[in-house]
Undergrad: 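Questions regarding the structure given below will be posed in turn.
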Protein chains: 2
Amino acid sequence: MTDDDLMTIRQMCDTFEVTPRTLRFYESKELLAPKREGQKRLFTRRDRARLKLILRGKRFGFSLEEIRQLLDLYEIGDDQETQLTQARAIAQNRLEDLKARRVDLEEAIADLEEQIAWGEETLQKLRRNPAA
Amino acid sequence: MTDDDLMTIRQMCDTFEVTPRTLRFYESKELLAPKREGQKRLFTRRDRARLKLILRGKRFGFSLEEIRQLLDLYEIGDDQETQLTQARAIAQNRLEDLKARRVDLEEAIADLEEQIAWGEETLQKLRRNPAA
DNA sequence: AGTCACATTGACGTTCACGTAAGGCAAACG
DNA sequence: CGTTTGCCTTACGTGAACGTCAATGTGACT
């Protein structure tokens, strides 16, 4: 454990396909908190885990602010009962949100598959009767 | 069928919880194409179907431009073989995208449930041993 | 005819999530 | 030792998706 699970900004960019600007921007919004060696940023394993969650959140259309709050849920660790209870409430809201999205997503998939099937069928008919 | 499945902008706003500005904006981007009675917009059943898809697309983080292209998939109807074939390609890409999202979403849900379970457990321990 | 409630068209403003120079520091290479 | 390379900060710019305000129009009461 030489503590060298640290990555430069460029390594991060290559790994996650983001720009340096993006990582600095996320830091400015307190989504990431890389260490420093002099001026230079060094991203930890924790930063990478968070970035993964950030990008996932973005794919689901969450704003960075929403993501920031979500991230905090994964980051309690040493805490009081009240905070845990609050966290549970927030987490359960998120969970319901996600489950609703799942339903929505299933519907979208079904719709599209139906649409594709209809297209296939129409193509078949066209080929049997090439009269436009 | 008095052709009165037409809605004013206000009815649309109330039904879908959007602002007039939003509907006009979508029209300017050619996502909607309400009829006119004089100056006033009248939204058809088709507009409502499209708006529903638009809002769903937004929930999944698609841009309006992406949504516009997606909408076209549902709007072929009278067409040539080539266009149908192209549409199928696009639709299948979308479908794979959606299915990937589904996997992603399942993971997110699993993560959160795990996190909540951990929180519950920690709460139990705290209650058995109220020594902070 | 008056006025009240809404709708419409510009046009400018705003927030979010970065992009894009401009200028400086510092290690590394020829 | 100069310069190229890579990262840093500061700061202004940008596109998307609307918000907001002003001026105008128009149908529906009273």
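So you know, we letter chains A, B, ... as the sequences are listed, proteins then strands, and number each from 1. We use all heavy atoms of the structure for the numbers below, so side chains are in, but hydrogens, waters and symmetry mates are not.
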Undergrad: When we call it a touch if two heavy atoms are under 4.0 Å apart, what does B:Arg24 touch: a base, just sugar-phosphate, or nothing?
TA: base
Undergrad: What parts of residues 61-70 of chain B reach DNA chain D, counting only heavy atoms under 4.0 Å away?
TA: B:Ser63, B:Leu64
Undergrad: When the distance from CG of A:Leu31 to P of C:dC16 is rounded to whole Å, what number comes out?
TA: 13 Å
Undergrad: Evaluate whether atom CD of B:Glu17 has more than 12 neighbouring non-hydrogen atoms of other residues, nucleotides or ligands under 6.0 angstrom away.
TA: no
Undergrad: Hey, mind stepping through A:Glu65 and A:Gln69 against side chain to side chain donor-acceptor pair (under 3.5 Å) and telling me if it holds?
TA: CA-CA 7 Å; A:Glu65 175 54 25; A:Gln69 297 181 27; 3.1 Å; yes
Undergrad: Measure from the side chain of B:Lys58, starting at C-beta and using heavy atoms only, and say which of D:dC7, D:dC18, C:dC18 lies closest.
TA: D:dC18
Undergrad: Sub-3.5 Å donor-acceptor pair from the side chain of B:Asp47 to the main-chain atoms of B:Thr44, do we have one?
TA: yes
Undergrad: Which whole-number value in Å describes the distance from A:Leu42 CG to D:dC7 C1'?
TA: 11 Å
Undergrad: Here's a test of your reading of the structure: between A:Lys29 and B:Arg36, which maps to the more 5' nucleotide of DNA chain C?
TA: B:Arg36
Undergrad: For B:Lys40 and for A:Glu27, find the nucleotide of DNA chain D with the closest heavy atom, then tell me which residue's nucleotide is more 5'.
TA: A:Glu27
Undergrad: For the residue pair B:Arg68 and B:Ile54, establish whether any side-chain heavy-atom pair is separated by less than 4.5 Å.
TA: no
Undergrad: Looking at B:Glu114, I want to see if its CD is surrounded by more than 12 non-hydrogen atoms of other residues, nucleotides or ligands under 6.0 Å.
TA: no
Undergrad: Between A:Arg59 and A:Arg56, is there a side-chain heavy-atom distance shorter than 4.5 Å?
TA: yes
Undergrad: What integer distance in Å separates B:Leu55:CG from D:dA17:P?
TA: 13 Å
Undergrad: Atom CG of A:Leu6 and atom P of D:dC7: how far apart are they, to the nearest Å?
TA: 15 Å
Undergrad: In whole Å, what is the span from the CD1 atom of A:Ile9 to the C1' atom of D:dC7?
TA: 8 Å
Undergrad: Would you say C:dA17 has OP1 or OP2 under 4.0 Å from some side-chain N or O of A:Tyr26?
TA: no
Undergrad: Would you kindly give the CE-to-P distance between B:Met7 and C:dC6, to the nearest whole Å?
TA: 16 Å
Undergrad: When you measure from the side chain of B:Phe25, which nucleotide among D:dC7, D:dA17, C:dC18 comes out closest?
TA: D:dA17
Undergrad: Using the side-chain heavy atoms of B:Gln39, tell me which of these nucleotides is nearest: C:dC18, C:dT8, D:dC8.
TA: C:dT8
Undergrad: Once you round to the nearest 0.5 Å, how far does CG of B:Leu32 lie from CZ of B:Arg48?
TA: 11.5 Å
Undergrad: Check nucleotides 12-14 of chain D against the protein and report each pair of N or O atoms closer than 3.5 Å, with its distance, or say if there are none.
TA:
none

Undergrad: Can you check whether A:Arg102 reaches B:Glu106 side chain to side chain, under 4.5 Å on heavy atoms?
TA: yes
Undergrad: Starting at CG of A:Leu32 and ending at P of C:dC18, how long is that distance when rounded to a whole Å?
TA: 11 Å
Undergrad: Looking at A:Thr22, does any N or O in its side chain come under 4.0 Å of the phosphate oxygens OP1/OP2 on C:dG19?
TA: yes
Undergrad: Can you confirm whether B:Arg36 is buried at CZ, in the sense that more than 12 heavy atoms of other residues, nucleotides or ligands lie under 6.0 Å from that atom?
TA: yes
Undergrad: Closest heavy-atom contact between A:Pro20 and A:Cys13?
TA: N-SG, 3.3 Å
Undergrad: C:dG19, OP1 or OP2 - any side-chain N/O from A:Thr19 closer than 4.0 Å?
TA: yes
